[in-house]
J.: 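Below is one structure. I have some questions about it.
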Amino acid sequence: MADTVLITGGCGFIGTNFVRRMLERYDYNIINLDKLTYAGNLENLADCGNNDRYTFVRGDVASVDDLEKVFAKPIDIIVNFAAESHVDRSIIDPDSFIRTNINGTFNLLEMARRKNTRRFIQISTDEVYGSLGSTGAFHEDTPLSPNSPYSASKTSADLLATAYFKTFGMPVIITRCSNNYGPYQFPEKLIPLIITNALADKELPVYGDGLNVRDWIHVKDHCAAIDLVMHKGETGNIYNIGASNEKANIEIVKLVLAILGKPESLIRYVTDRPGHDRRYAIDSGKITGQLGYKPSVDFAEGMRETVEWYVDNREWWERIKTGAYLEYYEKMYGSR
Ligand code: NAD
Ligand code: TYD
């Protein structure tokens, strides 16, 4: 019988892209466990509803009761995407980050230990390493030095996952990826926020001097790398994932404006984010050398396609950018 893969947070940005990849390429039975927070959107996978290898379960990784129900059936592999994922929200209201990212990961690890799950992939982030100066890159053994409540909660989850490998011999693997872009990203993150604001001729808020650097990877390449780790990765290992596209934020904003043919007068420099990490850059040498990973999406082409996706899927983000999102936007940018 085909293996059952539990994907948590499958209705979010990266989870959506990963569920699609798994259904398209393998004969796994997929269970998508998602709480459907503001960031989870059932509509993203509406067309998978008819696939008899796909099951959606609304539930919370921080609830043991919810997990007991899911684990009533055998689960072979867990890929844990579920998280509160936005740094700015973690600064305004960190509670849910602790609950989901730390307690949720702990509950999943405990459940996996009790049920002898065969593989546990913890989806982490390069933000656990903190901030870089103007040179160098994050390696898997770079000391952990998180600066935001978000990255501190993800670091705690990584440490728990490592402890479960070391103490209980659990088959855990951690991936740490750089900033993703691509279709289905919630328009609170830099790239979709800039695209959707520019399409509506709204101001584009750039934090500080706009020279903070992020290392961008297309979500397709991130999902391909997780797929490799899931099938070929070595238990107890950590794999960095990136695509060597270091860009200052202002370069990204200007690129989006150029693709859309919108004026740079929309750019507005605003008060910096507290504790704002200056630069991220990832060394993917280990996954490249050991597992044969190679990113396939050219950055300029990937950005053009992403902008097009938001142009073509206006309904998707217009529905999101009403109601609760408006309240958030006012709180975050109103007095900045
Ligand atoms: P996202 O915010 O778009 O999606 C998160 C999903 O998790 C949503 O569907 C949400 O409903 C669900 N969720 C939240 N709390 C839950 C809970 N308690 N129980 C069950 N489901 C819950 O996030 P994303 O950008 O897709 O990120 C996915 C994972 O990848 C996260 O773990 C994040 O830390 C990691 N990551 C993200 C990036 C990035 O650039 N976006 C980079 C590296 C790593
Ligand atoms: P973000 O997409 O929130 O990802 P992260 O903070 O996890 O890297 O932000 C990417 C970069 O863009 C970061 O340096 C903060 C900056 N930024 C802005 O300048 N303006 C914005 O409105 C947002 C959301 C982010």
Side-chain angles (χ1 to χ4, degrees), residues 13-14 17-18 21 81 85 87 121-147 151 154 158 173-185 189-192 194-195 206-207 209-230 232-234 237-256 258-259 276-309:
F13 164 45
I14 306 172
N17 284 283
F18 190 73
R21 182 181 178 97
F81 290 94
S85 69
V87 173
I121 315 290
Q122 172 64 11
I123 306 301
S124 185
T125 162
D126 63 351
E127 301 195 26
V128 298
Y129 299 120
S131 186
L132 288 166
S134 54
T135 57
F138 299 131
H139 298 263
E140 284 81 358
D141 57 3
T142 298
L144 302 178
S145 182
N147 294 313
S151 53
K154 292 295 290 186
D158 280 19
I173 306 180
I174 296 171
T175 62
R176 294 185 180 144
C177 189
S178 60
N179 285 63
N180 285 219
Y181 69 98
Y184 297 106
Q185 187 166 31
K189 304 281 168 64
L190 179 70
I191 291 178
I194 294 300
I195 299 171
V206 174
Y207 299 167
D209 60 7
L211 296 178
N212 297 63
V213 171
R214 296 294 183 262
D215 191 352
W216 295 94
I217 181 172
H218 194 281
V219 65
K220 260 194 228 164
D221 281 330
H222 184 191
C223 290
I226 297 168
D227 183 336
L228 261 184
V229 167
M230 184 174 153
K232 293 192 185 158
E234 199 181 322
N237 274 245
I238 295 166
Y239 296 94
N240 281 352
I241 304 167
S244 301
N245 293 306
E246 274 187 64
K247 307 281 173 208
N249 294 336
I250 192 66
E251 282 181 78
I252 297 282
V253 173
K254 288 185 176 173
L255 175 62
V256 168
I259 296 172
H276 195 175
D277 287 337
R278 189 63 171 168
R279 176 171 164 262
Y280 301 150
I282 204 141
D283 183 331
S284 313
K286 178 176 173 181
I287 189 171
T288 303
Q290 295 186 6
L291 306 185
Y293 159 77
K294 195 165 171 279
S296 67
V297 183
D298 169 71
F299 182 71
E301 189 47 37
M303 281 296 292
R304 242 192 320 277
E305 273 176 28
T306 301
V307 171
E308 251 169 52
W309 189 87

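Every value quoted in this text rests on a predicted model; they were computed, and no experiment measured them.
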J.: To the nearest 0.5 Å, tell me how far Ile287 CD1 sits from Cys177 SG.
T.: 9.0 Å
J.: Not counting sequence neighbours, list each pair that qualifies as a side-chain hydrogen bond (donor to acceptor under 3.5 Å, both in side chains) and has a residue in residues 289-298.
T.: Asp221-Ser296
J.: So does Lys220 get a backbone contact from the side chain of His218, meaning a donor-acceptor N/O pair under 3.5 Å?
T.: yes
J.: CD1 of Ile121 to CD1 of Ile123: how many Å apart, nearest 0.5 Å?
T.: 7.0 Å
J.: Return the CD1 to OG1 distance between Ile174 and Thr125, rounded to the nearest 0.5 Å.
T.: 12.0 Å
J.: Any idea how Tyr181 and Trp216 line up, ring-wise: parallel (<30°), tilted (30 to 60°), or perpendicular (>60°)?
T.: perpendicular
J.: Between Arg279 (side chain only) and Gly136 (backbone N and O only), is there a donor and an acceptor less than 3.5 Å apart?
T.: yes
J.: Is any side-chain heavy atom of Tyr239 closer than 4.5 Å to a side-chain heavy atom of Ile173?
T.: yes
J.: How many angstroms lie between atom CD1 of Ile282 and atom CZ of Arg176, to the nearest 0.5 angstrom?
T.: 9.0 Å
J.: Using 30° and 60° as the class boundaries, would you call the ring planes of Tyr280 and Phe138 parallel, tilted or perpendicular?
T.: tilted
J.: Taking the six-membered ring for Trp, are Trp309 and Tyr184 parallel (under 30°), tilted (30 to 60°) or perpendicular (over 60°)?
T.: tilted
J.: List in chain and number order the residues that pass side chain to side chain donor-acceptor pair (under 3.5 Å) with Asn240, two or more places apart in sequence or in another chain; answer none if no residue qualifies.
T.: Tyr129
J.: When rounded to the nearest 0.5 angstrom, what is the spacing between CD1 in Ile195 and CD in Glu308?
T.: 11.0 Å
